[in-house]
Amino acid sequence: MTRDVLISISGIQIAEGDNNTVELITSGDYFLKNGNHYILYDEIQEGFEGVIKNTIKISPSGLDIIKRGSSSVHMTFEKNKKNIACYATPYGELMIGLSTNDIQVIEEEDRLRVHVAYSLDINYQHISECDIDLDIHSKATADIRLLN
């Protein structure tokens, strides 16, 4: 895979019969180091100054999402484990619990796909069941289209 990549991140939260979906498509940087995949990208949070620097690390043991900026957190997803993190937001801090049910990683020559299914707790209360899908393509071979 090349260093310049297009990143598609989609997520769904299912809580009490309601589905909340989010999708982000952006460009970023990719590199492979010591058997781990790293994806770096910037995110602008609407209504706040500055950018959030994001690092995604995909390793044989799981997935880490690290955010630094107006919101900051280090979330760790490991299959069949629960991890706790402090999520600092402009509105205050939250204790989040991430119980990972499944992680799937598909590596191709110019593409990397990751699916994570997990349960989300906030301040020690179960909030929802969630899925995250990452699709990382080399910019030269990416074929990302927006759907209506």
Side-chain angles (χ1 to χ4, degrees), residues 1-32 36-48 50-91 94-122 125-148:
M1 181 143 27
T2 62
R3 182 172 177 91
D4 293 328
V5 293
L6 285 178
I7 306 157
S8 170
I9 303 171
S10 59
I12 186 167
Q13 287 184 325
I14 303 168
E16 298 178 13
D18 288 338
N19 291 355
N20 183 18
T21 59
V22 176
E23 186 167 15
L24 168 71
I25 298 175
T26 189
S27 61
D29 294 319
Y30 165 86
F31 62 95
L32 183 65
N36 299 315
H37 302 275
Y38 291 88
I39 297 96
L40 311 172
Y41 67 95
D42 292 341
E43 181 182 352
I44 296 172
Q45 194 171 18
E46 202 170 309
F48 296 95
V51 299
I52 299 171
K53 300 281 187 185
N54 293 281
T55 302
I56 298 172
K57 176 186 173 188
I58 303 162
S59 66
S61 63
L63 173 80
D64 288 88
I65 299 175
I66 303 160
K67 295 178 172 284
R68 291 185 182 94
S70 58
S71 291
S72 62
V73 67
H74 183 153
M75 297 181 285
T76 301
F77 300 89
E78 297 172 288
K79 190 171 182 176
N80 300 321
K81 287 190 179 179
K82 182 173 187 174
N83 290 291
I84 305 291
C86 181
Y87 199 150
T89 74
Y91 305 106
L94 303 168
M95 290 302 296
I96 60 171
L98 307 163
S99 298
T100 307
N101 305 315
D102 190 32
I103 298 177
Q104 298 171 15
V105 178
I106 300 170
E107 296 179 49
E108 299 173 15
E109 186 176 336
D110 286 317
R111 185 177 188 186
L112 183 62
R113 291 183 286 164
V114 181
H115 173 79
V116 181
Y118 66 99
S119 297
L120 173 66
D121 296 347
I122 297 180
Q125 289 192 331
H126 181 266
I127 298 298
S128 63
E129 297 300 314
C130 306
D131 289 315
I132 296 175
D133 288 297
L134 306 172
D135 197 351
I136 298 97
H137 288 266
S138 293
K139 273 189 182 177
T141 62
D143 185 20
I144 296 177
R145 297 183 189 121
L146 297 175
L147 302 174
N148 293 342

| message | Going by side chain to side chain contact (heavy atoms under 4.5 Å, CB included), name the residues that satisfy it together with E43, two or more places apart in sequence or in a different chain. | response | Y41, I52, N54, K67

| task | Apply side chain to side chain contact (heavy atoms under 4.5 Å, CB included) to V105 and I58, showing your working. | result | CA-CA 9 Å; V105 178; I58 303 162; 4.0 Å; yes

| query | How many angstroms lie between OG in S59 and NE2 in H37, if you round to the nearest 0.5 Å? | reply | 9.5 Å

| query | Quick one: do the Q45 and S70 side chains pair a donor with an acceptor below 3.5 Å? | reply | yes

| Test item: I132 and I65 side chains (from C-beta on) under 4.5 Å apart, heavy atoms | yes

| task | Could you tell me whether the side chain of M1 reaches within less than 4.5 Å of the side chain of I136, counting heavy atoms only? | result | yes

| task | Apply side chain to side chain contact (heavy atoms under 4.5 Å, CB included) to I39 and I7, showing your working. | result | CA-CA 9 Å; I39 297 96; I7 306 157; 3.3 Å; yes

| If every non-hydrogen atom of A117 is compared with every non-hydrogen atom of D131, which pair is closest and at what distance? | CB-OD1, 3.3 Å

| When rounded to the nearest 0.5 angstrom, what is the spacing between CG in N83 and CE in M75? | 11.5 Å

| Out of curiosity, R3 CZ to Y30 OH, how far, rounded to the nearest 0.5 Å? | 11.5 Å

| message | Test side chain to side chain contact (heavy atoms under 4.5 Å, CB included) on S99 and Y118; report intermediate values, then the result. | response | CA-CA 5 Å; S99 298; Y118 66 99; 5.9 Å; no

| message | Looking at every heavy atom in both G62 and I103, which two are closest together, and how far apart are they? | response | CA-CD1, 3.9 Å

| message | Minimum heavy-atom separation for L120 and C130, please, with both atom names. | response | CB-SG, 3.9 Å

| Between atom CG of N36 and atom CG of D64, what is the distance when rounded to the nearest 0.5 Å? | 9.0 Å

| Rounded distance (nearest 0.5 Å) linking atom CG of L98 with atom CZ of F77 | 4.5 Å

| task | Scan side-chain atoms only and decide if D121 and H126 contain a donor-acceptor pair under the 3.5 Å cut-off. | result | no

| said: Contact between V22 and I12 at the side-chain level, heavy atoms closer than 4.5 Å - yes or no? | reply: no

| E107 and R113: salt bridge (Lys or Arg N to Asp or Glu O under 4.0 Å), yes or no, with the steps? | CA-CA 7 Å; E107 296 179 49; R113 291 183 286 164; over 6 Å; no

| said: I'd like to know whether CD1 of I44 has more than 12 heavy-atom contacts from other residues, nucleotides or ligands below 6.0 angstrom. | reply: no

| field | Basic-acidic side-chain contact under 4.0 Å: D102, K79 | value | yes

| Minimum side-chain heavy-atom gap D133-I9 below 4.5 Å | no

| task | Kindly write out the residues that satisfy salt bridge (Lys or Arg N to Asp or Glu O under 4.0 Å) with E23, not counting sequence neighbours, or none if the list is empty. | result | none

| task | Apply the test side chain to side chain contact (heavy atoms under 4.5 Å, CB included) to residues L63 and L134: give CA-CA distance (whole Å), side-chain angles for both, the deciding distance (0.1 Å), then the verdict. | result | CA-CA 11 Å; L63 173 80; L134 306 172; 4.1 Å; yes

| query | Are D110 and H137 linked by a side-chain donor-acceptor pair shorter than 3.5 Å? | reply | no

| Who passes side-chain hydrogen bond (donor to acceptor under 3.5 Å, both in side chains) against S27, sequence neighbours left out? | none

| Rounded to the nearest 0.5 Å, how far apart are CG of N101 and CG of N80? | 7.5 Å

| message | In the structure I gave you, are the side-chain heavy atoms of N19 and Q13 within less than 4.5 Å of one another anywhere? | response | no

| request: Say whether, by atom type as modelled, one donor and one acceptor occur between the side chain of T2 and the main chain of D4 under 3.5 angstrom. | output: yes

| message | So which atom in I84 and which in G97 form the shortest heavy-atom distance, rounded to 0.1 Å? | response | CD1-CA, 3.9 Å

| message | Between E129 and S119, do the side chains contain a donor N or O and an acceptor N or O under 3.5 Å apart? | response | yes

